[in-house]
Number of protein chains: 2
Amino acid sequence: MRSYDEYCPIAMGAEVLGDRWTPLVIRELMCGSERFSDIHRGVPRMSRSLLAQRLKHLERAGIIERREPGPTYHLTEAGRDLEPVVWGLGDWANHWVLGDPVKEQYDGGHVMWRVRQRIVVEELPPRRIVVRFDFPAATTRRRVWLLLDQAGSSVCARDEGFDVDLHVTADIATFMRVWAGRTTWREAMDDEQIVVEGPGELVRSFTRWFALSPFATR
Amino acid sequence: MRSYDEYCPIAMGAEVLGDRWTPLVIRELMCGSERFSDIHRGVPRMSRSLLAQRLKHLERAGIIERREPGPTYHLTEAGRDLEPVVWGLGDWANHWVLGDPVKEQYDGGHVMWRVRQRIVVEELPPRRIVVRFDFPAATTRRRVWLLLDQAGSSVCARDEGFDVDLHVTADIATFMRVWAGRTTWREAMDDEQIVVEGPGELVRSFTRWFALSPFATR
DNA sequence: CTGTATCCTCAAGGATACTG
DNA sequence: CAGTATCCTTGAGGATACAG
């Protein structure tokens with residue numbers, strides 16, 4: 001982005017945070033992604049070359065640090081200091097501009113990636129769990145597997161013949177509204193917009209380890 | 001700006017605040033400008049057509065409100081709610097990225113416009129005061145007049161034959177550093193980087209009604 | 001003063017393929 | 001996995017002139 005050539009902190013800050021995609025890259029780092037591919041999974045519509053470019057730029061600006069081996073990316077002290085600003089922007093938008101999701105956002109893979117980052121590992125049963133999500137109305141990634149494990153969970157978009165423990169079938173818009181805290185599990189399930197099938201014990205524990213968006217509870 | 005197509009408050013917020021110049025336009029509104037030309041004087045490197053476009057966009061987004069007659073522009077409730085985010089961004093940059101001013105920023109007109117917005121009207125003598133500022137090292141607007149009045153002050157970049165009460169001659173970089181709170185009047189004057197000439201009473205009251213940047217004292 | 005209209009340029013960034 | 005290289009498009013926005 002071209003400089004504003006103004007000696008003003010707001011202008012300088014906007015030069016750092018104002019590049020396209022940059023706030024989302026920082027969001028991914030704030031949400032725990034450290035590896036190039038993980039960051040990219042959180043911002044999949046951005047090209048890999050552009051992500052590489054942004055990471056370099058942020059590194060030069062002193063916001064992030066690249067560590068070998070790995071490599072992994074981490075917020076520096078300056079970057080961590082920027083977190084409240086980015087969360088503040090999110091809180092503002094959550095209050096004033098977030099509406100219901102629209103079709104262009106119906107991406108099962110993307111929601112599930114965000115979901116995965118929030119799984120409450122401590123509440124998981126002490127064994128591996130596979131959950132299959134079906135979002136018939138999604139425009140991309142209509143079927144996604146969530147592989148949960150206290151050691152580390154992951155999201156998979158290809159059928160690799162897992163033994164599925166839990167089946168979730170959901171209207172993706174409703175699912176996203178629950179995730180965003182705009183409606184409740186109870187209401188969505190009562191309306192059968194979300195159906196969870198599997199062993200009763202798992203179904204009951206589901207909403208304990210499945211945490212909502214960071215903005216849902218604020 | 002193209003949409004990110006993500007159902008995420010940070011992405012939505014970035015779509016509003018991420019357009020080029022937009023944070024600076026909001027800054028101007030936060031700092032008290034209401035009229036099109038006044039806003040533009042605060043962001044003079046932006047073209048007028050682009051400013052018009054941004055104002056419309058912000059109005060559609062519910063951040064600002066256009067009032068007739070005038071017209072004047074004002075932050076809405078949503079817009080005022082965004083203020084802490086923008087100030088937060090500024091505070092962050094003030095701490096982590098603001099260095100000393102560089103040549104591209106040596107614009108006497110722009111600094112003085114920012115200065116004017118902060119004049120402490122209550123501390124002014126009860127009559128009209130004209131201050132002439134000379135910035136020999138400035139790249140644009142090397143000479144600027146500040147017209148002070150309890151009814152309303154203004155900045156003028158053309159010699160209109162004023163009776164000048166106070167002459168300020170300054171190295172613009174030092175002047176900007178004082179403005180930003182990175183050095184003091186005392187030090188700058190001791191080094192003769194800033195020289196204030198005029199009636200003793202006015203010279204002494206000068207630093208009372210001349211307030212520094214909002215970021216200087218934070 | 002408060003914009004609008006038009007033209008034109010340039011560079012950001014999307015798409016795609018490739019590499020160590 | 002972690003990028004790089006290249007090509008190519010498009011639309012953002014700068015410059016300028018004009019209008020109510």
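Lettering follows sequence order; numbering is per chain, from 1. No hydrogens, no waters, no symmetry mates; every other heavy atom, side chains included, goes into these values.
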Centroid separation under 6.0 Å, is that true for the rings of A:F135 and A:Y106? no
With ring centroids as reference points, do B:F215 and B:W87 lie under 6.0 angstrom apart? yes
Flag the pair A:L89 / A:V85 as yes when at least one side-chain heavy-atom distance between them is below 4.5 Å, and no otherwise. no
If I take atom [atom1] in residue [X] and atom [atom2] in nucleotide [N], what distance separates them, rounded to the nearest angstrom?
X: A:E68; N: C:dG20; atom1: CD; atom2: C1'; answer: 13 Å
X: A:L50; N: C:dG14; atom1: CG; atom2: P; answer: 6 Å
X: B:R54; N: D:dA12; atom1: CZ; atom2: P; answer: 9 Å

Every protein N/O within reach of nucleotides 9-11 of chain D N/O, cut-off under 3.5 Å:
none

Using 30° and 60° as the class limits, which term best fits the ring planes of B:F162 and B:W145: parallel, tilted or perpendicular? tilted
Name the orientation class of the two ring planes belonging to B:F133 and B:F206 (parallel below 30°, tilted from 30 to 60°, perpendicular beyond 60°). tilted
Yes or no on salt bridge (Lys or Arg N to Asp or Glu O under 4.0 Å) for A:E6 and B:R27, after CA distance, side-chain angles and deciding distance? CA-CA 13 Å; A:E6 282 197 21; B:R27 175 196 69 195; 2.7 Å; yes
Hey, what do you get for CE (B:M1) to NE2 (B:H57), rounding to the nearest 0.5 Å? 9.5 Å
Tell me, please, which residues at least two apart from B:S153 pass side chain to side chain contact (heavy atoms under 4.5 Å, CB included). B:R116, B:L148
At under 4.0 Å, does any side-chain N or O of B:R45 touch on OP1 or OP2 of D:dG14? no
Using a cutoff of under 3.5 Å, can you pull out all pairs of nitrogen or oxygen atoms linking the protein to nucleotides 1-3 of chain D, with atom names and distances?
from  : atom 1 : to    : atom 2 : distance (Å)
D:dC1 : O3'    : A:R35 : NH2    : 3.0
D:dA2 : OP1    : A:R35 : NE     : 2.4
D:dA2 : OP1    : A:R35 : NH2    : 2.0
D:dA2 : OP2    : A:S37 : N      : 3.3
D:dA2 : OP2    : A:S37 : OG     : 3.2
D:dA2 : N7     : A:R48 : NH2    : 3.1
D:dG3 : OP1    : A:R66 : NH2    : 2.7
D:dG3 : OP1    : A:Y73 : OH     : 3.4
D:dG3 : OP2    : A:Y73 : OH     : 2.8
D:dG3 : N7     : A:R48 : NE     : 3.2

